[in-house]
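These notes are about the structure you will find just below.
As the structure lists them, so they are numbered: ligands from 1, and atoms in each ligand from 1.
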Amino acid sequence: MKIYDTGDVRLHYRADGPRDGAPVVFANSLGTDMRLWDPILPLLPEGLRIIRYDKRGHGLSSCPPAPYSMGALITDVERLLDFLEVRQCVFVGLSIGGMIAQGLATKRLDLIRAMVLSNTAAKIGNPDMWSERIAAVEAGGVESLADAVMERWFSPGFRARPELELWRNMLVRGEDAGYAGCSAAISGTDFYTPTAALRLPVLGIAGSDDGSTPPDLVRETVELIPASKFHLIRKAGHLPCVEQPEEYARVLTDFLKGVGHV
Ligand SMILES: O=C(O)CC1=CCC(=O)O1
């Protein structure tokens, strides 16, 4: 188990693969930890340096009191990547992880040579929606939201499968303060202008049944960046790396090849 103390927070992370391998960094979504990527990692080419981490308030990382700012979430991973001496990675961010990707690329383009914006947008929801969600977590914990979250995370077909319980467990066993803290960070974020100024290779990935960041919203953000690519995964909700891992890994691998990372 690896832990890095940024000075503000202790981040749980993993770095797998050869130290001199081409780096691919994964940032996961609200209410998930780094196990989100488990279904696709065995399907990626060998020789990559795969870096995953639990953002603050999630997984095994420490949980400062809510609220968090998007700037703090970006600084956390910036410090981690500097510590690991990562440069020119492909950064794969899903949902809030994709917001972190946009912010990090804006701040430190030396760290990122290409990025995957998966099930994300420059702006997700609106402040009223996030205030309601934070109030619900404060009143009844993440458990009180869990059934509604499952409907956004997964397509109807997946929700009928026994694995649903495992992913629900990941959500409800997480820290309420971590969920509320990151919700506040999303609420305060609108990256429309900085993301439109980005110039790097970008792949957008959307899920046909995504109840949080529907395909048109993902496409709108990705198309802010010239020459970006977009891929729609059918029969998948907000977490297509879980529902359709083969397709997700294939599209990601093709992108890595296209940018010369493998
Ligand atoms: O709506 C959800 O619960 C999913 C989600 C929104 C932002 C994020 O990171 O996950």
Side-chain angles (χ1 to χ4, degrees), residues 26-37 52-59 61 66-70 72-74 76-77 91-104 115-138 140-155 158-159 164 167-191 195 204-218 220-221 233 236-243:
F26 290 89
N28 42 275
S29 59
L30 181 64
T32 66
D33 61 44
M34 63 166 79
R35 290 173 293 179
L36 178 66
W37 306 107
R52 294 178 280 165
Y53 75 106
D54 292 334
K55 65 187 162 295
R56 57 172 65 202
H58 284 69
S61 292
Y68 311 150
S69 68
M70 186 56 67
L73 296 174
I74 292 164
D76 289 347
V77 68
F91 197 105
V92 183
L94 194 148
S95 202
I96 188 176
M99 292 181 130
I100 293 168
Q102 294 167 67
L104 187 65
M115 65 181 178
V116 178
L117 297 181
S118 180
N119 306 79
T120 192
K123 178 175 173 8
I124 300 178
N126 59 63
D128 285 349
M129 181 198 111
W130 289 109
S131 296
E132 275 172 32
R133 231 196 259 198
I134 292 165
V137 171
E138 285 169 352
V142 176
E143 173 76 54
S144 67
L145 299 173
D147 290 340
V149 172
M150 290 304 109
E151 294 201 1
R152 295 191 294 268
W153 277 9
F154 298 116
S155 70
F158 191 91
R159 294 205 302 274
L164 181 77
W167 295 100
R168 193 180 191 284
N169 287 344
M170 180 187 282
L171 174 72
V172 301
R173 289 177 187 166
E175 296 272 2
D176 293 342
Y179 193 96
C182 285
S183 296
I186 298 170
S187 175
T189 299
D190 181 349
F191 278 145
T195 294
I205 298 179
S208 58
D209 295 21
D210 186 342
S212 296
T213 51
D216 284 349
L217 182 68
V218 180
E220 187 189 354
T221 292
I233 300 187
H238 192 56
L239 307 180
C241 50
V242 172
E243 276 197 74

Inset, instruction - Kindly determine whether Thr189 and Gln102 satisfy side-chain contact (heavy atoms from CB on, under 4.5 Å), including the steps that lead there. - result: CA-CA 11 Å; Thr189 299; Gln102 294 167 67; over 6 Å; no
Inset, instruction - Using atom types as modelled and distance alone, determine if a side-chain donor or acceptor of Glu243 lies under 3.5 Å from a backbone N or O of Leu239. - result: no
Legend entry - Ligand-residue contact atoms, ligand 1 with Ser29, heavy atoms, under 4.0 Å: 9 (O)
Legend entry - Subset of ligand 1 atoms that lie under 4.0 Å from at least one heavy atom of Arg152: 1 (O), 2 (C), 3 (O)
Legend entry - Any side-chain donor near an acceptor of the partner, His238 and Ser95, under 3.5 Å: yes
Inset, instruction - Note the single closest protein heavy atom to atom 1 (O) of ligand 1, along with its residue, its atom name and the distance in Å. - result: Ser212 OG, 2.6 Å
Legend entry - Identity and distance of the protein heavy atom lying nearest atom 8 (C) of ligand 1: Ser95 OG, 2.6 Å
Inset, instruction - Within a distance under 4.0 Å of any heavy atom of Ile96, pick out the atoms of ligand 1 and give their elements. - result: 8 (C), 9 (O)
Inset, instruction - Could you check atom 3 (O) of ligand 1 against the protein and tell me its nearest heavy-atom contact, residue, atom and distance included? - result: Arg133 NH1, 2.9 Å
Inset, instruction - Any chance you could lay out the side chain to side chain donor-acceptor pair (under 3.5 Å) test for His58 and Asp33, step after step, and finish with the verdict? - result: CA-CA 6 Å; His58 284 69; Asp33 61 44; over 6 Å; no
Inset, instruction - Report the residue from Asp210, Val242, Asp209, Thr32 that forms a side-chain contact (heavy atoms from CB on, under 4.5 Å) with Trp153. - result: Thr32
Legend entry - Proximal ligand 1 atoms for Leu30, defined as those under 4.0 Å from one of its heavy atoms: 8 (C), 9 (O), 10 (O)
Inset, instruction - Please state which part of Ile186 comes within less than 4.0 Å of ligand 1, counting heavy atoms only: side chain, backbone, both or neither. - result: side chain
Legend entry - Taking every non-hydrogen atom, the tightest pair across Ile74 and Ile100: CG1-O, 4.0 Å
